[in-house]
Amino acid sequence: QVQLVESGGGSVQAGGSLRLSCAASGDTYSSNCMGWFRQAPGKEREGVASIYTGGGITSYADSVKGRFTISQDNAKRTVYLQMNSLKPEDTAIYYCAADPFPHSCLPGSTDSDFGYWGQGTQVTVSS
């Protein structure tokens with residue numbers, strides 16, 4: 001079991017930046033893969049980025065490559081999502097997710113590959 005708590009959401013103008021944080025507690029094994037997903041109104045939840053905490057290997061959705069960076073602080077058991085050059089289409093609820101299996105971090109993984117979820121944090125980008 002692992003518990004995830006997100007923070008750092010908010011409102012920003014297009015072109016601005018935000019940094020999301022996801023603090024994990026509980027069983028370390030359950031968070032070998034950690035990821036960020038987002039869900040915009042009327043749309044399905046989509047993967048944004050993931051990181052294999054054992055080796056720092058990262059993966060990104062094409063829509064955020066070059067703008068978003070996922071990173072980790074193992075000592076704090078915290079994963080970050082640095083979001084730069086934000087666009088109105090980035091507006092969504094952002095969720096942190098974790099799973100014990102490293103293959104959940106493979107490109108193309110979906111929300112069904114993750115077993116643990118945070119409560120979500122709202123990100124709103126205005127034009």
Side-chain angles (χ1 to χ4, degrees):
Q1 292 279 342
V2 65
Q3 293 75 45
L4 305 172
V5 178
E6 303 105 330
S7 60
S11 297
V12 65
Q13 289 191 329
S17 299
L18 284 172
R19 189 177 80 157
L20 306 182
S21 300
C22 174
S25 60
D27 183 3
T28 302
Y29 170 76
S30 295
S31 56
N32 283 331
C33 174
M34 295 189 70
W36 287 97
F37 288 76
R38 66 186 182 185
Q39 187 167 22
K43 295 188 177 181
E44 294 186 353
R45 189 157 52 184
E46 62 174 354
V48 175
S50 65
I51 185 165
Y52 171 53
T53 58
I57 299 171
T58 59
S59 179
Y60 296 92
D62 288 341
S63 58
V64 306
K65 281 181 181 177
R67 300 189 298 122
F68 291 11
T69 302
I70 188 170
S71 62
Q72 62 179 344
D73 183 331
N74 284 340
K76 295 181 179 179
R77 293 194 65 195
T78 298
V79 170
Y80 304 97
L81 185 68
Q82 178 67 45
M83 305 185 294
N84 298 329
S85 301
L86 282 161
K87 304 175 181 180
E89 51 263 43
D90 294 318
T91 295
I93 300 174
Y94 283 71
Y95 297 91
C96 178
D99 198 76
F101 298 106
H103 65 67
S104 297
C105 275
L106 292 174
S109 293
T110 67
D111 54 359
S112 63
D113 293 304
F114 288 79
Y116 301 98
W117 292 86
Q119 80 286 357
T121 185
Q122 177 71 46
V123 171
T124 302
V125 184
S126 58
S127 57

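Both backbone and side-chain heavy atoms feed into the values below; hydrogens, waters and symmetry mates do not. Positions are given from 1, in the same order as the sequence printed here.
- Put simply, the side chain of Phe68 does not reach to within 4.5 Å of the side chain of Leu18, judged on heavy atoms.
- At most 12 non-hydrogen atoms from other residues, nucleotides or ligands lie less than 6.0 angstrom from CD of Gln13.
- In the hydrophobic clustering of ILVMFWY residues, with side-chain heavy atoms under 4.5 Å counting as a link, Val64 and Ile51 come out together.
- In terms of modelled atom types and a separation under 3.5 Å, the side chain of Ser50 and the main chain of Met34 share no donor-acceptor contact.
- Within the 4.5 Å cutoff, no side-chain heavy atoms of Val125 are placed close to those of Met83.
- How far OG1 of Thr53 is from CG of Asn32: 5.0 Å, rounded to the nearest 0.5 Å.
- Cluster annotation: Ile93 is not connected to Leu20 through the hydrophobic network of ILVMFWY side chains, with a link wherever side-chain heavy atoms come within less than 4.5 Å.
- A pairwise comparison of heavy atoms in Leu4 and Ala24 identifies CD2-CB, 3.8 Å as the closest pair.
- The shortest heavy-atom contact between Ser127 and Pro88 is CB-CG, 3.9 Å.
- Contact between Glu6 and Gly120 at its shortest, heavy atoms only, is OE1-N, 2.9 Å.
- Considering all non-hydrogen atoms of both residues, Thr78 and Ser21 come closest at CG2-CB, 4.3 Å.
- Of the possible polar contacts, none joining the Asp27 side chain to the Val2 backbone as a donor-acceptor pair under 3.5 Å is found.
- Interatomic distance, CG of Asp99 versus OG of Ser112, reported as 10.0 Å (0.5 Å rounding).
- Within the 4.5 Å cutoff, the side chain of Trp36 has heavy atoms near those of the Val79 side chain.
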Intermediate values then yes/no, salt bridge (Lys or Arg N to Asp or Glu O under 4.0 Å), Lys87 and Asp90: CA-CA 5 Å; Lys87 304 175 181 180; Asp90 294 318; over 6 Å; no
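- Looking only at side-chain heavy atoms (C-beta outward), Gln82 and Asn84 come within less than 4.5 Å of each other.
- Between Phe114 and Phe37, the two ring planes are perpendicular [angle over 60°; tilted spans 30° to 60°].
- The two atoms that bring Ala92 and Arg38 nearest to each other are CB-CB, 3.8 Å, heavy atoms only.
- Under the 4.5 Å side-chain contact rule for hydrophobic residues, Tyr52 and Tyr116 do not share a cluster.
- For Tyr60 (side chain) and Gly66 (main-chain N/O), no donor-acceptor pair under 3.5 Å exists by modelled atom type.
- Side-chain contact between Asp113 and Leu106 is absent, with no heavy-atom pair separated by less than 4.5 Å.
- The shortest side-chain heavy-atom distance between Gln72 and Ser31 does not fall under the 4.5 Å cut-off.
- Side-chain contact between Arg45 and Tyr95: present, with at least one pair of heavy atoms (C-beta onward) separated by less than 4.5 Å.
- A donor-acceptor pair under 3.5 Å is absent between the side-chain atoms of Thr124 and the main chain of Ser11, judged by distance alone.
- Taking the side chain as every heavy atom from C-beta outward, Ser30 and Gln1 never approach each other to under 4.5 Å.
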